[in-house]
Amino acid sequence: HDNRRFSSGSSMSLYFQSLFCVLVTILFQAKSTSAKTAATTRTTTSPSVLNTANRPITQPIKSRNTKKTDQILNMKLNPQEKSIDELDFLDDLRSKYSHQPVFIQCVEEIALSLLPIFEDPENGAFYKRAFVAMTEPERIMSFRVPWEDDQGFLHFNRGWRVEFSSVLGPYKGGLRFHPSVDEGVLKFLGFEQIFKNALTGLPMGGGKGGSDFNPKGKSETEIRRFCQSFMTELFRYLHPSTDVPAGDIGVGGREIGYMYGTYKRLANKHGEGVLTGKSQLFGGSPLRPEATGFGLVYITQLVVKKKLNRSMEGLLCAVSGSGNVAQNAAKKLMELGAKVMTLSDSNGVLLFEEGMNKKDFDEIVQCKNVNRDRLSSLDGKTSGRYIADQCPWNLDVHFDVALPCATQNEIDEAGAEMLVKNGVLALCEGANLPTNLEAQEVIRGHPDIIYLPGKASNAGGVAVSGLEMSQNSQRLTWTEEEVDAKLQEMMESIYHQMEEVTQSGGTLEKGANRAGFLKVATAMKELGWVS
């Protein structure tokens with residue numbers, strides 16, 4: 001709450017401010033306790049040890065004690081839906097962070113999926129303690145970021161780095177520059193990152209960072225000044241064995257380059273893997289920019305083959321967003337013979353009724369990556385039809401596969417119902433938590449629809465970031481073919497971790513959640529951090 005909206009000299013204003021905060025807290029808690037979500041669950045292999053800067057991290061972590069883990073993986077799932085009311089052990093967290101609803105939503109969704117584990121008569125109490133410990137970041141850094149615009153005026157933004165969990169390895173997660181960024185959003189993203197990184201099998205912890213800076217409408221010089229100022233504050237917390245950020249929304253190869261250049265000047269250390277997503281000219285990995293989108297399509301291809309006994313050839317695929325993930329997902333889909341029906345941005349959607357072609361794709365890349373323009377500028381320049389103020393999930397059009405790659409909570413209840421109405425076969429998330437609670441309920445109400453959660457399906461980016469860290473520590477660069485093969489292997493491994501739970505009546509979503517949680521919880525116990 002912004003205290004500047006109230007007069008500091010008025011006791012009556014302070015009274016109403018306090019009353020308003022109490023009412024907001026009560027309303028949020030009432031809404032939370034009335035919501036219903038389905039039980040999702042996790043599977044796993046087991047713990048890891050911390051990585052060092054000089055040890056390659058290309059091999060998945062192997063469990064040293066799998067007997068008990070296997071029993072938990074095969075635990076029969078309670079067929080009854082569980083409610084948020086049963087998560088009373090999270091009451092303190094809800095009260096403390098009621099002003100961070102997206103973070104609380106993320107925690108509750110994962111906790112609901114783990115209820116069968118929490119109810120285990122032998123270890124349930126331990127798993128609850130471990131989960132509560134996981135919800136508190138190990139540390140959060142917040143700092144001012146001053147920067148000068150092209151007219152010489154000084155501006156100030158806020159920067160954060162949430163170092164959430166170092167249980168499995170150094171903090172690993174992207175930097176996001178967007179006006180919606182605040183501490184709560186970064187905590188949600190960092191919490192998800194813990195389990196996503198665990199699924200890759202590489203020794204990486206979880207973290208997230210960024211700023212409420214809005215790159216839209218800024219000149220390249222202004223963006224460079226901001227990145228340099230941001231890294232001037234952040235660099236002191238980075239080390240290959242401590243914290244290794246990457247890019248995210250608003251932070252691509254250009255921004256990573258500016259920040260890495262600033263780090264090199266400040267630290268006088270060169271060749272260190274303190275950022276991933278770098279140019280291959282100074283330590284980047286082949287396929288790192290493409291990895292999230294490619295990985296999403298690889299695991300989608302696998303699940304379509306396993307569950308539907310089909311290839312990607314001819315499938316009608318709706319992709320939202322038009323940034324790095326969406327572009328590379330669309331590129332790989334076209335390579336596999338699928339028809340890409342949509343791409344979008346915050347102002348509207350391009351609908352390709354006959355499927356996007358190579359010329360269309362090149363126009364979009366030029367528009368977004370070079371001209372930094374909106375999709376509306378392509379109206380009439382591609383084979384697609386631009387529809388303003390819409391997204392793919394509002395369109396009354398049949399899609400076989402939905403791949404949301406834009407941002408969190410982009411698919412709402414109405415969007416999910418539209419997808420169901422038009423016969424969608426699979427929903428595979430490319431963004432972090434792009435399907436809100438109500439939309440998830442709609443999808444779960446149709447078990448014939450395949451649902452792949454983002455923590456599994458978009459893990460390709462952080463997987464190749466781990467491979468970039470390994471290449472940096474070895475002072476080597478692998479070929480594109482080597483990296484692509486390792487990416488496909490890791491996405492297949494993630495799928496098999498999820499599939500273990502489906503054999504005992506669970507879903508792929510439950511498998512993703514259970515796998516990540518058990519790996520981190522077991523490692524915490526072996527480190528002596530929770531007992």
Side-chain angles (χ1 to χ4, degrees), residues 50-58 161-166 168-177 189-190 192-194 196-210 227 230-231 234-235 237-264 267 269-295 323-325 328 432 458-478 480 482-484 486-487 490-491:
L50 296 179
N51 180 50
T52 65
N54 296 319
R55 182 163 66 87
I57 57 172
T58 62
R161 184 64 178 171
V162 179
E163 294 183 339
F164 221 119
S165 172
S166 60
L168 299 183
Y171 307 107
K172 190 78 192 81
L175 299 171
R176 176 176 292 194
F177 292 169
L189 293 168
E192 284 268 307
Q193 196 79 42
I194 298 170
K196 179 190 301 185
N197 293 358
L199 287 170
T200 68
L202 300 177
M204 298 183 291
K208 207 73 178 182
C227 290
F230 183 87
M231 181 52 75
L234 184 64
F235 90 99
Y237 307 112
L238 306 184
H239 187 273
S241 293
T242 305
D243 191 349
V244 185
D248 196 88
I249 294 173
V251 179
R254 175 183 63 172
E255 291 76 18
I256 291 291
Y258 293 152
M259 286 188 278
Y260 191 57
T262 304
Y263 175 86
K264 284 163 65 69
K269 294 179 180 178
H270 314 287
E272 284 201 332
V274 296
L275 287 169
T276 57
K278 304 183 294 295
S279 165
Q280 291 185 56
L281 295 173
F282 39 82
S285 173
L287 283 188
R288 175 58 189 90
E290 297 88 350
T292 306
F294 280 18
N324 175 61
V325 179
N328 286 294
N432 294 303
N458 71 17
V462 74
V464 174
S465 278
L467 300 182
E468 183 174 330
M469 292 165 65
S470 184
Q471 292 169 79
N472 291 162
S473 70
Q474 297 177 82
R475 300 293 194 266
L476 294 174
T477 300
W478 300 334
E480 184 173 314
E482 287 177 300
V483 175
D484 194 38
K486 292 177 186 295
L487 172 60
M490 282 189 282
M491 299 312 294

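Keep in mind that the numbers below use all heavy atoms, side chains included, and drop hydrogens, waters and symmetry copies.
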Would a 4.5 Å heavy-atom cut-off, applied to side chains only, mark [X] and [Y] as touching?
X	Y	result
Ile256	Val251	yes
Asn472	Pro240	no
Thr262	Cys227	no

Taking side-chain contact (heavy atoms from CB on, under 4.5 Å) as the test, write out the residues that go with [X], two or more places apart.
X	result
Asn458	Lys196, Thr292, Asn432
Ile249	Arg176, His178, Thr407
Glu480	Pro286, Leu287
Val244	Lys172, Thr276, Met469

Going by salt bridge (Lys or Arg N to Asp or Glu O under 4.0 Å), name the pairs with one or both residues in residues 279-291, residues two or more places apart or in two chains.
none
Set of residues satisfying side chain to side chain donor-acceptor pair (under 3.5 Å) with respect to [X], sequence neighbours excluded:
X	value
Asn328	Asn324
Glu468	Lys278
Glu255	none
Asp243	Arg161

Hey, what do you get for [atom1] ([X]) to [atom2] ([Y]), rounding to the nearest 0.5 Å?
X	Y	atom1	atom2	value
Ser285	Leu467	OG	CG	6.0 Å
Met231	Tyr260	CE	OH	10.0 Å
Lys208	Ile194	NZ	CD1	12.0 Å
Leu275	Phe235	CG	CZ	13.0 Å
Tyr263	Lys269	OH	NZ	5.0 Å

Can you tell which of Leu234, Val274, Leu175 makes a side chain to side chain contact (heavy atoms under 4.5 Å, CB included) with Met259?
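Only one option passes, and that is Leu175.
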Specify the closest pair of heavy atoms between [X] and [Y], including all atoms of both residues, with the distance to one decimal.
X	Y	value
Trp478	Gln471	N-OE1, 2.9 Å
Pro170	Pro203	CD-O, 3.7 Å
Ala198	Leu168	CB-CD1, 3.6 Å
Gly460	Leu487	CA-CD1, 3.7 Å

With sequence neighbours left out, what residues match Phe230 under ring pair (Phe, Tyr, Trp, His ring centres under 6.0 Å)?
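Partners of Phe230 under the ring pair (Phe, Tyr, Trp, His ring centres under 6.0 Å) test: Phe143, Phe177.
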Glu272: partners by salt bridge (charged side-chain N to carboxylate O under 4.0 Å, His left out), with sequence neighbours left out:
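Glu272 satisfies salt bridge (charged side-chain N to carboxylate O under 4.0 Å, His left out) with no residue once adjacent residues are dropped.
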